[in-house]
Each structure stands twice: as C-alpha cells, then as structure tokens.
Amino acid sequence: MSAWGQWRSVKPVVRCPDDVLAELLDGGQAFRWNRVDGVWRGVWGNYIAELTSQNDVVQWRAPVLIEDRVSRDISTYLGPDDVFADAWDALPHRSDPVLKAAMGQWPGLRLLRQPFAEAVLCFLCSSMKQITHIKQICETLALRFGAEIIPGVRALPSWSTLHRVSEGELRAAGLGYRARFIHGTSHFLAGQPGWLDVVEDLPYPEAKHRLMQLPGVGAKIADCALLFGAGKLEAFPVDTWIARVMTERYRLEGWSLEQIAHFGRAHYGQYAGLAQQYLFSSARRA
DNA sequence: ATCCAGGTATGCA
DNA sequence: TGCATACCTGGA
C-alpha cells in the first residue's frame with residue numbers, strides 16, 4: 001500500500017461510536033470494508049479510505065495519490081449528521097417503543113450512499129448468502145475483473161466490463177446460480193447505455209419497477225440497491241431477518257413478505273428504509 | 001457430515 | 001393470486 005495522508009475529521013461531521021461505525025461499514029450495507037490494524041479500510045467506486053472513530057467523531061485518511069478525490073466525496077458516501085438529522089427526528093420513535101429501542105441501540109447509524117451500479121452488483125451477489133461470503137465474492141470480482149485504483153487495490157468491475165466476462169468465468173468466481181443473473185443483467189445494460197443513471201433519478205416506485213426488469217432483481221434486491229445506492233430512503237427491503245424481527249415485535253404472524261413491506265412503509269413513513277436499518281441491526285445482534 | 005444462508009424465477013393449483 | 005421448488009457454493 002502506498003503512502004497514506006493525514007488523519008482528519010470527516011466534514012461535515014459524521015458522529016457515531018466505534019461499534020456503530022462497525023455496524024455501518026460491515027453490517028451488510030456494503031461489502032468491501034475490513035479491519036486492518038485496528039482501523040476500517042474500505043473501497044467504494046474508485047475511492048479507498050481508512051476510517052476510525054475518535055470520541056465518537058469519524059476520522060478518515062486516504063492514499064496520497066487519491067486523497068483529493070476522497071476528500072471531496074467521502075461525506076457524500078457516509079452521509080453527514082446534518083443530512084440525517086431530519087430523518088432521525090421524523091421517524092416515529094416517540095410513539096413506537098420497538099423503533100425507539102432499536103435506535104437507542106445504534107446511535108448515529110445511517111445509510112451509506114454507494115455508487116448505484118455497484119450496489120446493484122453487490123446485492124445481485126447477495127441472495128441466499130451470508131455477509132462473509134458476499135464479501136468474499138465481491139473481493140474475487142474486484143481482483144479478477146476490476147480496474148486498479150492504486151497499486152494492489154482494485155475497484156469492483158463496471159457493468160460494461162462484466163458484459164465481456166463469460167458466465168462460466170463468473171461461476172468460477174464463486175457466484176453459483178447468480179452468475180446467470182449477472183451475465184443477463186450485464187447484457188441488458190449493455191444494450192441500454194445510461195439506463196441505470198436514468199433509473200437512479202426516478203421517483204422510488206418507478207425506479208423499483210424498472211429495476212425489477214433486470215434478471216435476478218426482485219423486490220428485495222431492488223429495494224437494497226435503491227436504499228444503499230440511490231438515496232431512496234422510503235425503500236424498505238424485507239429479507240429473512242427483517243421478516244423475522246417485524247413478525248415478532250409487531251405481531252405480524254401470517255403476513256407475507258410483501259405485506260410486511262407495505263406495513264413498514266405505511267408505519268415508518270418516508271424514511272422507512274432508515275428504520276429498517278435499525279431493525280435489521282438490532283435483529284442481527286439480538 | 002448435513003444443513004442452511006440478507007432471494008428470484010418458474011410451475012402448478 | 002398464492003404456495004412449493006430448484007438453483008450454486010461454502011461455512012458452521
């Protein structure tokens with residue numbers, strides 16, 4: 001690894017304790033963060049950074065080669081406190097003891113804003129997988145097909161690059177049946193330049209509808225990509241964890257996944273996705 | 001060893 | 001519409 005720049009606070013400020021930072025970076029929103037010598041090292045897009053929490057304030061540093069770029073965009077990725085202040089306030093934690101407990105457990109937890117194309121790719125890799133294995137697959141994809149950002153560190157491959165990779169090579173990267181979906185999606189996107197950029201800026205319902213045209217993208221993966229990669233905070237992904245915790249804590253026995261998703265958006269409101277993240281984290285660490 | 005994991009697409013009542 | 005089943009692979 002080449003030389004690293006100086007540590008400094010993220011500006012505008014990102015405030016969260018060490019264990020919440022760990023949950024933010026390595027709790028299933030993103031898959032390319034790892035603890036290295038006691039700090040978090042991660043990659044998103046063509047950015048690389050290290051993060052640590054000092055007195056609950058997040059500090060960063062980056063390789064000097066790309067320091068300017070990281071400096072310019074890291075707060076967008078992490079989501080500063082002032083961006084989430086309204087959402088934290090607007091969530092119905094005053095009237096909902098379940099949400100209140102989950103929010104109290106993870107003070108400062110927020111939603112990352114990842115590159116949209118990358119979020120689609122990572123969550124296309126995620127079905128029926130545990131986080132550790134999703135991370136492993138992402139690492140392999142970057143190593144084998146990604147562009148080098150600085151010596152020794154590679155980005156995730158773009159969709160146009162993936163289009164040139166055979167389904168067999170994708171299978172060999174450990175993707176299993178997901179290889180066919182990724183190959184199919186790369187083919188779809190290759191025929192529609194700019195399609196993802198348009199979808200990213202659409203209102204949530206329309207964006208979700210369009211995303212679900214991609215092979216392998218159902219309601220859950222579409223919601224994850226929109227929540228973590230497009231800033232659609234009303235997206236409410238319902239996976240097995242959320243289904244389990246919502247069923248238990250809101251007495252929703254017998255409800256389908258789609259009904260639970262509908263309940264979530266109706267009950268939590270326009271920032272339902274943020275509430276989902278608190279519930280998800282509290283369930284995973286219950 | 002055997003089972004199951006942050007789902008989706010498909011086929012049948 | 002609504003539910004069961006197959007699909008790859010590796011880690012517990």
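Not measured: the values here are computed from a predicted model. Chain letters run A, B, ... following the sequence lines, proteins first, then strands; residues in each count from 1.
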query = May A:W241 be described as stacking on the base of B:dG6, applying a 5.5 Å centroid limit and a 30° limit on plane angle?
reply = no
message = Going by side chain to side chain donor-acceptor pair (under 3.5 Å), name the residues that satisfy it together with A:E169, two or more places apart in sequence or in a different chain.
response = A:S166
ask   = A:D26 and salt bridge (Lys or Arg N to Asp or Glu O under 4.0 Å): which partner among A:K135, A:R32, A:R35?
value = A:K135
ask   = Base, sugar-phosphate, or nothing for A:R171, non-hydrogen atoms under 4.0 angstrom?
value = sugar-phosphate
task = Tell me, yes or no, whether the heavy-atom count around A:E253 atom CD, taken from other residues, nucleotides or ligands under 6.0 Å, exceeds 12.
result = yes
inquiry  = Can you confirm whether A:D201 is buried at CG, in the sense that more than 12 heavy atoms of other residues, nucleotides or ligands lie under 6.0 Å from that atom?
reply    = yes
message = In whole Å, I'd like the distance from the CD atom of A:E258 to the C1' atom of C:dT1.
response = 10 Å
query = Taking everything shown except A:R69 itself, do over 12 heavy atoms lie less than 6.0 Å from its CZ?
reply = yes
key: Interatomic distance at C1', B:dG6 relative to C:dG2, whole Å   = 23 Å
key: Spacing between A:L111 atom CG and B:dG6 atom P, to the nearest angstrom   = 19 Å
query = Please give, in whole Å, the distance from C:dC7 P to A:L170 CG?
reply = 19 Å
remark   = Nearest-nucleotide check on DNA chain B, A:R244 vs A:A222; residue mapping nearer the 5' end is A:R244
request  = Tell me which residues in residues 114-134 of chain A put a heavy atom below 4.0 Å from DNA chain C, sorted by number, or none.
outcome  = A:K129, A:H133
message = Expressed as a whole number of angstroms, how long is the span from A:I221:CD1 to B:dG6:C1'?
response = 9 Å
Considering only distance and modelled atom types, tabulate donor-acceptor pairs under 3.5 Å from the side chains of residues 58-66 of chain A, sequence neighbours left out.
unit_1 : atom_1 : unit_2 : atom_2 : d
A:Q59  : OE1    : A:S9   : OG     : 3.2
A:R61  : NE     : A:E50  : OE1    : 2.8
A:R61  : NH2    : A:E50  : OE1    : 2.9

key: Separation of atom CD in A:Q136 from atom P in C:dT9, rounded to whole Å   = 13 Å
key: Distance, rounded to the nearest Å, where A:L257 contributes CG and C:dC3 contributes P   = 11 Å
ask   = Base, sugar-phosphate alone, or nothing: which one does A:A179 contact when heavy atoms must sit under 4.0 Å apart?
value = nothing
request  = Quick one: list whatever passes ring-ring contact (aromatic ring centres under 6.0 Å, His included) with A:Y77, sequence neighbours left out.
outcome  = A:W44
query = In chain order, what residues pass the side chain to side chain donor-acceptor pair (under 3.5 Å) check against A:R210, with sequence neighbours excluded?
reply = A:E206
Minimum-distance nucleotide (side-chain atoms of A:Y177 versus C:dG11, C:dC7, B:dT8) = C:dC7
Under 3.5 Å, which protein N or O atoms sit close to an N or O of nucleotides 9-12 of chain B? Give each pair with its distance.
unit_1 : atom_1 : unit_2 : atom_2 : d
B:dA9  : OP1    : A:G216 : N      : 3.0

ask   = Going by number, which of residues 18-34 of chain A have a non-hydrogen atom under 4.0 Å from DNA chain C?
value = none
Determine all donor-acceptor pairs shorter than 3.5 Å in which one atom belongs to a side chain in residues 223-232 of chain A; sequence neighbours excluded.
unit_1 : atom_1 : unit_2 : atom_2 : d
A:D223 : OD1    : A:Y204 : OH     : 2.6
A:D223 : OD2    : A:K208 : NZ     : 3.1
A:K232 : NZ     : A:E200 : O      : 3.1
A:K232 : NZ     : A:L202 : O      : 2.6

query = Which value, in whole Å, describes the distance between the P atoms of nucleotides C:dC8 and B:dA1?
reply = 23 Å
remark   = Parsed dot-bracket for DNA chain B after applying the Watson-Crick and G-U rules with both distances under 3.5 Å and | for other-strand partners is .||||.|||||||
remark   = Across all chains, not counting sequence neighbours, the ring-ring contact (aromatic ring centres under 6.0 Å, His included) partners of A:W255 are A:F263
key: Interatomic distance, A:Q277 CD vs B:dG6 P [rounded to whole Å]   = 14 Å
remark   = In whole angstroms, the gap separating P of B:dG7 from CD1 of A:I242 amounts to 12 Å
Between A:E23 and A:S281, a side-chain donor and acceptor under 3.5 Å = yes
Under 4.5 Å side-chain linkage, directly or through intermediates, the cluster mates of A:W7 = A:V39
request  = Please say whether more than 12 non-hydrogen atoms of neighbouring residues, nucleotides or ligands are located less than 6.0 Å from CZ in A:R251.
outcome  = no
inquiry  = Between A:T185 and A:R180, is there a side-chain donor-acceptor contact under 3.5 Å, judged purely by atom types and distance?
reply    = no
Please tabulate, one pair per line, all N/O donor-acceptor pairs under 3.5 Å involving side-chain atoms of residues 88-105 of chain A, not counting sequence neighbours.
unit_1 : atom_1 : unit_2 : atom_2 : d
A:W88  : NE1    : A:L109 : O      : 3.3
A:W88  : NE1    : A:Y278 : OH     : 2.9
A:D89  : OD1    : A:R94  : NH2    : 2.7
A:H93  : ND1    : A:W88  : O      : 3.4
A:H93  : ND1    : A:L91  : O      : 3.0
A:R94  : NH1    : A:D89  : O      : 3.1
A:S95  : OG     : A:P92  : O      : 3.4
A:D96  : OD1    : A:V98  : N      : 2.8
A:D96  : OD1    : A:L99  : N      : 3.1
A:D96  : OD1    : A:Y250 : OH     : 3.4
A:D96  : OD2    : A:Y250 : OH     : 2.6
A:D96  : OD2    : A:H267 : NE2    : 2.8

